[in-house]
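In what follows, chains carry the letters A, B, and so on, assigned in the order in which the sequence lines appear, proteins first and then strands, with residues in each chain numbered from 1.
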There are 2 protein chains.
Amino acid sequence: MRYAKEHKIESRNNILSSALKLFSHRGFDNVSIDEIMANAGLTRGTFYAHFKNKQELYTKAILAVDLELEKNSSTPDNGKLQFKQMVTDYLEADYSNPEILPCPLACLVTDVANREPEVRTAYAESFKTLNLKIKHLLSTKSSSIDEETILAITSMMIGSVAISRTISKQATKKLLSGCKKTVFSLIDAEY
Amino acid sequence: MRYAKEHKIESRNNILSSALKLFSHRGFDNVSIDEIMANAGLTRGTFYAHFKNKQELYTKAILAVDLELEKNSSTPDNGKLQFKQMVTDYLEADYSNPEILPCPLACLVTDVANREPEVRTAYAESFKTLNLKIKHLLSTKSSSIDEETILAITSMMIGSVAISRTISKQATKKLLSGCKKTVFSLIDAEY
DNA sequence: GTCTATAAAAGGATAGAC
DNA sequence: GTCTATCCTTTTATAGAC
């Protein structure tokens, strides 16, 4: 064979990460397969050697979010601190920089809601993983945080970042600082 | 003239509300002008007698959300109760019924983020109006609620409804009830 | 596996009649 | 103001060479 097996895997990963980044920044419909492939250093025709169609790529790209989230799964001894750092990083990331991967859960909520069940299931998986990660950070031997509080927190994080991408920089500042304060107070109150 | 002036205004309003409903349920790109016009009882060609292009329609439709939100602007004597009812209605509405207009702020966040500034500004306006409405409900002569807390609450409401449209019915139930409880606790604690 | 070339469909926008 | 008919661009997807 003319190409090693690793080559295909590498191509596939390039396509996946190029797609996830572009979709997150601009939305599924606003990015063409052409652009994704060019971004991955390939041409359009090749796309179909890797994926059945554009929707399958969407699904697989969203599932790849899990891998990002599952990092640092060691038992935390300073979980609360790590959690606060995570929230801060999340809310203060530079979402306008095209080189950085913004949170797909925040950037694609609405976009995913209008797709086939396959895509929505992938999103649901990643959302679940985010909640589990937080639960893990905030669980100690003695106490464990209420699951519904975690859901309220992730809703706030995802919601505020999604909204921030539509409003002015000035309004964004107040929005994100309000959410940060509120998340912290929820945690400090309960645990 | 063959058509009365009211006729055009009525047509325009039909187009606007038909568009807002369809966009909210399925997203901007997934709805064709053809469909919007058919839904309003007109044909595609006529569209351009009312709007410059599809994007202008999007902007105007989102601005129309304000009108919905600005209802009930009388001074509330039982604001806190009204607020709780509003949150409950918001979180428990039947978002899958195509006859009902779901909250465009929740259904279109991500969608709007990827459009021209004109559209984003319209969204920002409506978002502002929602926050003001809540502020109004929760203000009394003696106390007024922290603006950043309101932003955290609207982020949670919009975020959770947006997320709920991607996940399972079962998961949605827990998500929305968690947000409702958390919003209530934030209000009862502070005010 | 990757490329170039091309088919085929969808949908936004315009022209002209009534 | 509204209709029908048409243009034109974009983009997904396929065919076939290397």
Side-chain angles (χ1 to χ4, degrees), chain A residues 1-62 108 111-112 114-116 118-119, chain B residues 1-62 108 111-112 114-116 118-119:
Chain A
M1 57 181 129
R2 276 164 74 195
Y3 296 88
K5 198 176 177 186
E6 292 79 32
H7 187 201
K8 179 165 187 185
I9 296 178
E10 200 188 316
S11 286
R12 189 189 155 96
N13 287 338
N14 281 340
I15 298 172
L16 279 171
S17 70
S18 142
L20 188 61
K21 204 179 279 180
L22 286 168
F23 287 156
S24 298
H25 275 290
R26 310 224 313 272
F28 183 73
D29 285 327
N30 301 316
V31 178
S32 67
I33 294 180
D34 225 349
E35 206 172 350
I36 295 165
M37 295 304 280
N39 202 279
L42 296 164
T43 57
R44 184 177 40 201
T46 313
F47 177 79
Y48 297 91
H50 292 274
F51 301 95
K52 201 177 75 218
N53 52 33
K54 198 182 175 189
Q55 182 184 292
E56 194 201 0
L57 170 63
Y58 202 18
T59 308
K60 295 288 161 59
I62 291 173
L108 298 171
D111 197 304
V112 167
N114 298 314
R115 311 289 160 189
E116 301 301 303
E118 188 190 341
V119 183
Chain B
M1 56 183 127
R2 276 163 75 196
Y3 296 88
K5 198 176 175 184
E6 293 78 33
H7 187 199
K8 178 163 188 186
I9 296 178
E10 200 188 316
S11 287
R12 188 188 155 94
N13 286 338
N14 281 340
I15 299 172
L16 279 172
S17 68
S18 142
L20 188 60
K21 206 179 280 181
L22 286 169
F23 287 156
S24 298
H25 276 290
R26 310 224 313 271
F28 183 72
D29 286 326
N30 302 317
V31 178
S32 67
I33 294 180
D34 227 348
E35 206 173 351
I36 295 165
M37 296 304 279
N39 202 277
L42 297 163
T43 57
R44 183 174 38 187
T46 313
F47 176 80
Y48 296 91
H50 293 273
F51 302 95
K52 202 178 74 220
N53 52 34
K54 199 183 175 189
Q55 181 183 292
E56 194 201 359
L57 169 64
Y58 202 18
T59 307
K60 295 288 160 59
I62 291 173
L108 298 171
D111 198 305
V112 168
N114 298 314
R115 310 289 159 189
E116 301 300 302
E118 187 191 342
V119 183

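One can place CZ of B:R12 at 17 Å from C1' of D:dT2, the figure rounded to the nearest angstrom. As rounded to whole Å, 11 Å separates atom P of D:dT4 from atom CG of B:L42. The nearest whole Å value for the distance from the CZ atom in A:R44 to the C1' atom in C:dC3 is 12 Å. The CD1-P distance, from A:I9 to C:dT2, rounds to 12 Å in whole Å. Atom CG in B:L57 sits roughly 14 Å away from atom C1' in C:dA13 (whole-Å rounding). As a whole-Å value, the separation of B:D29 CG from C:dG12 P is 8 Å.
To the nearest 0.5 Å, the span separating CZ on A:R115 from CG on B:N30 amounts to 5.0 Å. For the atom pair CD1 (A:I36) and NZ (A:K21), the distance works out to 13.0 Å, reported to the nearest 0.5 Å. Going from atom CD1 of B:I33 over to atom CZ of B:R44 covers 8.0 Å, rounded to the nearest 0.5 Å. Once rounded to the nearest 0.5 Å, the distance linking OH of A:Y58 with CG of A:D29 reads 8.5 Å. Between the CG atom in B:L108 and the NE2 atom in B:H25 there is a gap of 10.5 Å [rounded to 0.5 Å]. The CG atom of B:N39 sits 11.0 Å away from atom CE of B:M37, with the distance rounded to the nearest 0.5 Å.
Between A:S11 and C:dT2 there is a side-chain polar atom (N or O) within less than 4.0 angstrom of OP1 or OP2. Between A:T43 and C:dT2, a side-chain N or O to OP1/OP2 separation shorter than 4.0 Å is absent.
Interface residues of residues 32-39 of chain B facing DNA chain D, ordered by number: none; criterion, heavy-atom separation under 4.0 Å. For the segment residues 46-56 of chain B, residues with any heavy atom less than 4.0 angstrom from an atom of DNA chain D are, sorted by number, B:T46, B:A49, B:H50.
A donor-acceptor contact shorter than 3.5 Å links the side chain of A:D111 to the backbone of A:F28.
Minimum heavy-atom separation, A:S24 to A:L20: OG-O, 2.7 Å.
For the residue pair B:E116/B:Q55, the side-chain donor-acceptor check at 3.5 Å is not satisfied.
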